[in-house]
Visitor: 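Would you mind keeping the following structure in view while I ask a few things?
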Amino acid sequence: MDFDLFGRHVNRASRVEGLARGGQIYMTYPVFDSAKGWLESQGGKQLVWKKHGRYFLKGIKEAVEIYEVADSAIQNPKPPANARKKTGLPSWVVMVLLVLAGVIASFGVKYFQRTEVWLVDFYPKQALFNRTHKPLVLEESKDKSPRKLADPVPAGQYLIYYKVAKGVRFFGPLEVKRGENRIKVDFKEYRLPAKSARISLTPENGDTDQVNFSKEYTYTLFDAVNQPHDMACTLSFTLDGRPAGEVPDQYAFTIKWQLNLNQKMVADGSKTLTSIKSDGKRHRFDTVIFKDDIHQFELNFTTIRNHAQVDISGVFL
């Protein structure tokens with residue numbers, strides 16, 4: 001005999017079947033509720049049961065809850081690929097809530113990270129941030145009371161400094177926390193190597209003079225992320241002066257230099273300048289003998305009449 005089955009249960013089963021791909025077994029809750037307990041009691045421990053959620057089926061107004069059973073030795077459950085799943089809220093409501101959540105979160109983060117920074121006993125006329133070299137802008141104060149930073153500074157670890165000379169800076173840490181901060185910055189001096197020498201040619205020394213210099217230095221540099229680097233430096237030079245050939249009162253001054261940083265020779269050179277005792281004209285030679293991202297060494301060599309002077313100095317950049 002041939003039987004044709006009709007009715008809403010048959011229609012629903014057909015729609016659920018249409019969601020499955022080859023090898024999958026989908027079912028609604030009544031079938032799941034009846035089958036799961038019985039199959040497990042019959043030794044079906046290797047079976048995996050999965051609730052995929054509620055899906056809309058063609059011709060059925062309400063979303064239907066879809067379950068799946070699979071043999072774990074063969075495959076894992078997979079949700080329907082080409083079906084519209086019902087969410088807990090209408091899509092437009094979800095979008096509105098997401099936008100509101102983003103606004104609230106942004107406001108909350110800004111409020112939570114809001115800071116006020118007051119500097120106590122702060123004496124430098126101008127201080128700068130080490131990483132950006134942006135100046136600290138302070139509100140005016142008529143007395144020695146704490147001065148407030150006019151620009152907002154996010155919470156974090158900073159290093160600030162102020163300049164004394166090209167090769168001398170005072171650095172101090174600035175730790176900013178959320179909320180109100182009252183900070184007294186502990187500045188410490190950091191000085192780069194520098195040396196000057198001068199010679200004069202006179203009848204007393206036979207119009208010949210020379211200075212030999214060599215010294216080891218140690219100093220500290222802070223990089224762009226505020227990390228300290230200990231440096232070892234050896235600066236050496238010879239400044240020599242003597243008559244220039246047979247021309248009366250004309251002298252030749254020569255400077256020879258070497259610079260060693262962290263056991264590596266980074267500069268080696270020489271320069272000669274001539275000078276006439278009677279004309280009083282100044283001769284000058286300026287050069288950078290070494291440079292990196294943080295500092296450089298400058299050489300200034302000057303002669304006039306029977307005198308010569310050299311200055312070699314480290315300079316913060």
Side-chain angles (χ1 to χ4, degrees), residues 94-194 216-233 259 261-264 266 288 290-298 313-317:
V94 174
M95 291 300 296
V96 171
L97 291 176
L98 288 174
V99 172
L100 288 176
V103 172
I104 293 172
S106 177
F107 176 79
V109 168
K110 289 182 180 179
Y111 181 81
F112 185 65
Q113 293 183 343
R114 184 175 58 89
T115 63
E116 286 186 358
V117 180
W118 301 79
L119 299 181
V120 180
D121 297 334
F122 195 77
Y123 49 85
K125 292 184 178 180
Q126 186 182 55
L128 302 95
F129 288 96
N130 183 56
R131 293 183 62 177
T132 62
H133 306 288
K134 179 181 178 182
L136 281 74
V137 180
L138 299 170
E139 294 182 355
E140 293 295 330
S141 177
K142 296 181 180 179
D143 51 24
K144 294 183 179 180
S145 61
R147 300 177 65 186
K148 182 181 179 182
L149 282 182
D151 296 333
V153 178
Q157 300 280 348
Y158 300 91
L159 187 69
I160 61 176
Y161 71 91
Y162 65 92
K163 304 176 183 178
V164 175
K166 293 194 301 181
V168 182
R169 286 183 182 178
F170 281 75
F171 287 89
L174 184 68
E175 181 180 2
V176 179
K177 300 179 180 179
R178 298 180 182 91
E180 183 176 310
N181 297 259
R182 291 183 178 268
I183 304 171
K184 185 174 182 179
V185 182
D186 182 19
F187 285 105
K188 293 183 179 180
E189 181 184 19
Y190 292 84
R191 185 180 295 268
L192 299 182
E216 295 181 359
Y217 298 86
T218 58
Y219 57 96
T220 301
L221 297 175
F222 292 95
D223 62 21
V225 293
N226 298 336
Q227 294 300 310
H229 295 268
D230 294 329
M231 306 292 291
C233 164
L259 180 64
L261 287 181
N262 294 335
Q263 299 182 347
K264 180 180 179 181
V266 296
V288 174
F290 171 79
K291 181 178 181 180
D292 61 16
D293 293 336
I294 306 174
H295 74 319
Q296 67 185 26
F297 279 85
E298 298 176 352
S313 56
V315 177
F316 287 107
L317 297 180

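All heavy atoms count here, side chains included; hydrogens, waters and symmetry mates do not.
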Visitor: Heavy-atom distance under 4.5 Å between the side chains of F129 and Y158, does that happen here?
Guide: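 Side chain of F129 against side chain of Y158, heavy atoms only: contact under 4.5 Å found.
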
Visitor: Is it true that, when you exclude Q263 itself, more than 12 heavy atoms of the residues, nucleotides or ligands shown sit nearer than 6.0 Å to its CD?
Guide: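 Open: at most 12 neighbouring heavy atoms sit under 6.0 Å from CD of Q263.
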
Visitor: Can you measure from NE2 (H229) to CD (Q227) and round to the nearest 0.5 angstrom?
Guide: 6.5 Å

Visitor: A side-chain contact here means heavy atoms from C-beta on lying under 4.5 Å apart; do K166 and E298 qualify?
Guide: yes

Visitor: Just verifying a value: how many Å separate L174 CG and I160 CD1, rounded to the nearest 0.5 Å?
Guide: 5.0 Å

Visitor: Compare all side-chain heavy atoms of P193 with those of Y219 and state whether any distance is below 4.5 angstrom.
Guide: yes

Visitor: Distance under 6.0 Å and angle within 45° of the ring axis: does R147 meet both against F122?
Guide: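 Not flagged: R147 not positioned over aromatic ring of F122.
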
Visitor: If we ignore hydrogens and angles and just use 3.5 Å, is the side chain of T218 paired with the main-chain N or O of A232 as donor and acceptor?
Guide: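 Side chain of T218 to backbone of A232: no pair is present.
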
Visitor: What's the separation between atom SG in C233 and atom NE2 in H295, rounded to the nearest 0.5 Å?
Guide: 7.5 Å

Visitor: Strictly under 6.0 Å, is that where the ring centroids of F187 and Y162 end up?
Guide: yes

Visitor: Mind listing the closest non-hydrogen atom pair of D223 and I294 along with its distance?
Guide: CA-CD1, 3.8 Å

Visitor: How many angstroms lie between CG in N262 and CG in D230, if you round to the nearest 0.5 Å?
Guide: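 Rounded to the nearest 0.5 Å, the CG-CG separation comes out at 9.0 Å.
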
Visitor: A side-chain contact here means heavy atoms from C-beta on lying under 4.5 Å apart; do F316 and L192 qualify?
Guide: yes

Visitor: Starting at CD of Q157, measure out to NZ of K177 and round the result to the nearest 0.5 Å.
Guide: 9.0 Å

Visitor: Are Y161 and Y190 close enough that their ring centers fall under 6.0 Å?
Guide: no

Visitor: Report the distance from atom CG of L119 to atom NZ of K184, rounding to the nearest 0.5 Å.
Guide: 12.0 Å

Visitor: Is it the case that atom CG in D151 sees more than 12 heavy atoms from other parts of the structure closer than 6.0 Å?
Guide: yes

